[in-house]
Number of protein chains: 2
Amino acid sequence: MVIARCSVDYTGRLSAHLPLATRLLMVKADGTLLIHSDSGSKPFNWMSPPCSLVESDMLWRVTNKAGEELLITIDEVLHDSSHDLGVDPGLQKDGVEKHLQELLADRCEVLGASWSLIRREHPTDIGPVDLLCRDETGARVAVEIKRRAEIDGVEQLTRYLQRINLDPWLAPVRGVLAAQQFTPQARVLAADRGITCVTLDYDELRGIEPSTPRLF
Amino acid sequence: MVIARCSVDYTGRLSAHLPLATRLLMVKADGTLLIHSDSGSKPFNWMSPPCSLVESDMLWRVTNKAGEELLITIDEVLHDSSHDLGVDPGLQKDGVEKHLQELLADRCEVLGASWSLIRREHPTDIGPVDLLCRDETGARVAVEIKRRAEIDGVEQLTRYLQRINLDPWLAPVRGVLAAQQFTPQARVLAADRGITCVTLDYDELRGIEPSTPRLF
DNA sequence: TTGTTGATTTCGCAA
DNA sequence: TTGCGAAGTCAACAA
């Protein structure tokens, strides 16, 4: 961890210049280098491993295989310390889309009374549909699950429906977009495409799910 | 800047837990808080301003307006230092999409012989089309520019074309997707929609451009 | 304030 | 390795 007055030049996927100012240079154990200012959550410049750092005099040269280069010109070092953090057990996440899909696969009657699951991750040639279900009339429904449904989620489901309806064994298949939140524009476009929007309640799904006895 | 053995719990847009380990806690002047381990380029946990940090004993509680909460339980502080970095002049970038658009607007004959520019950032009710050109036959062409064209770029241009072709003064307008790189799926979908893909060479564009004499 | 779009996005998963 | 979709995406910019 070095705090220094420095200027930085990056050439690679684009060209960028960082004028002389005081910043934090962080070199991690895995080779990651980050250059942070005193505001904002993202570093101004960085380099991801694998990369090589060569320090000569007051010039740091960081390069990687792809030919990207970070030149750090050090004007003055204000702080320099090193710390051994050891390995990190990592972050445990809960509540993401995958989890929603698992819960809904188990309880697709949340989408409609008497609905049943035909298949999870039903493959098409442009990617898998989250759920393929049978509704109360026996008709097939393709379900796309999002945490927050936006316009591109509607586009995605539309593409799936086009593809899936080319299969005479499956067609006709209608679409359901299931999400915790919807942007107004997603609702409008979905309505326009004949796609039904279903709002999910994560806590309710999670609360209901354990009460379902598994018959393995 | 604090280096400490700590565990972290985040509740907000999702729930996440970070088991006890040694990490870097960074508190920036603008209120940003970052929790970094010794590997990876992004922090495991963070909170963006505006947020409030309350330190009581060995517990840090960080909250924001949206009801998100970060609980940091400090086990042992290994390092604690503070540094005044001052304001940063910020990063100067070159070579991003906006720049490509400027270059192409000046040299749209790169897209086809005798092509001319009608308008840059042509407005539609769902957003501006990057370029509106006239091809060698006098027909109008809507051009969408990307650094890397993916499937959603094709969707975006498709929406623009639908809108723009509703205007009897402009229709018919065909589409060109110009990018430095294309994903295979973008090419397939573009072909499917009758959209032409044009590969751009940034160095060539930049190299050619200064040779164009300006008439004042 | 809200919405849209780009990003040296990063990250994870799967083919 | 490559491709593709998700992300607590972040951040800039316009309406």
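On a predicted model such as this, the values are computed, not experimentally measured, just so you know. A, B, ... follow the sequence lines: proteins, then strands. Residue 1 opens every chain.
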Worksheet item: Which nucleotide in the set D:dA6, C:dT5, C:dT8 lies at the smallest distance from any side-chain heavy atom of B:Gln156?
Response: C:dT5
Worksheet item: Looking across every strand, which nucleic acid part, if any, lies under 4.0 Å from B:Phe182 by heavy atom: base, sugar-phosphate, or nothing?
Response: nothing
Worksheet item: Do B:Arg174 and B:Thr196 have side chains that get closer than 4.5 Å, going by heavy atoms?
Response: yes
Discussion item. Heavy atoms from C-beta onward define the side chain here; which of C:dT8, C:dG6, D:dA6 lies closest to that of A:Lys146?
Written reply: D:dA6
Worksheet item: Do B:Arg163 and B:Thr124 meet the criterion of a side-chain donor-acceptor pair at a distance under 3.5 Å?
Response: no
Fill in: Euclidean distance, atom CZ of residue A:Arg120 to atom P of C:dA14 [Å, nearest integer]
11 Å
Worksheet item: Which part of the nucleic acid does A:Met47 contact within heavy-atom distance under 4.0 Å: base, sugar-phosphate only, or nothing?
Response: nothing
Worksheet, complete the sentence: Residues of residues 183-199 of chain A with a heavy atom under 4.0 Å from any atom of DNA chain C, listed by number, are A:Gln185
Item to complete: Could you check A:Glu150 against B:Glu150 and say which one's nearest nucleotide on DNA chain C is further toward the 5' end?
Response: A:Glu150
Response to the item:
A:Glu97 has its side chain closest, among C:dT8, D:dA6, C:dA7, to D:dA6
Worksheet item: Can we say B:Arg119 and B:Glu121 salt-bridge, meaning some charged N sits less than 4.0 Å from an Asp/Glu carboxylate O?
Response: no
Worksheet entry | Gap in Å between the two P atoms, one belonging to D:dA11 and one to C:dC11, rounded | 15 Å
Practice prompt. Would you classify A:Glu68 as touching base, sugar-phosphate or nothing, given that sugar-phosphate means primed atoms plus P, OP1 and OP2, and contacts are heavy atoms under 4.0 Å?
Written response: base
Worksheet item: Which part of the nucleic acid, if any, lies within reach of B:Glu144 when heavy atoms closer than 4.0 Å are counted: base, sugar-phosphate only, or nothing?
Response: sugar-phosphate
Fill in: Shortest non-hydrogen contact between A:Leu131 and A:Ala105, atoms and distance
CD2-CB, 4.1 Å
Practice prompt. Take atom C1' in D:dT9 and the same atom in D:dG5, then report the distance between them in whole Å.
Written response: 13 Å
Worksheet item: Taking CD from B:Gln181 and C1' from D:dC4, how many angstroms apart are they, rounded to a whole number?
Response: 14 Å
Discussion item. Show the nearest heavy-atom pair for residues B:Tyr160 and B:Pro128, with the distance to one decimal.
Written reply: OH-O, 3.3 Å
Worksheet item: Looking at C:dA7, D:dT9, D:dG8, which one has an atom nearest to any side-chain atom of B:Leu14?
Response: D:dG8
Please write out each protein N/O paired with an N/O of nucleotides 11-15 of chain D under 3.5 Å, distance rounded to 0.1 Å.
from	atom 1	to	atom 2	distance (Å)
D:dA11	OP1	A:Ser41	N	2.9
D:dA11	OP1	A:Ser41	OG	3.0
D:dA11	OP1	A:Lys42	N	3.2
D:dA11	OP2	A:Ser41	OG	3.2

Worksheet entry | Inter-nucleotide C1' distance (D:dA14, C:dT8), Å rounded | 25 Å
Worksheet item: For atom C1', what is the distance between D:dC10 and D:dA6, given to the nearest Å?
Response: 14 Å
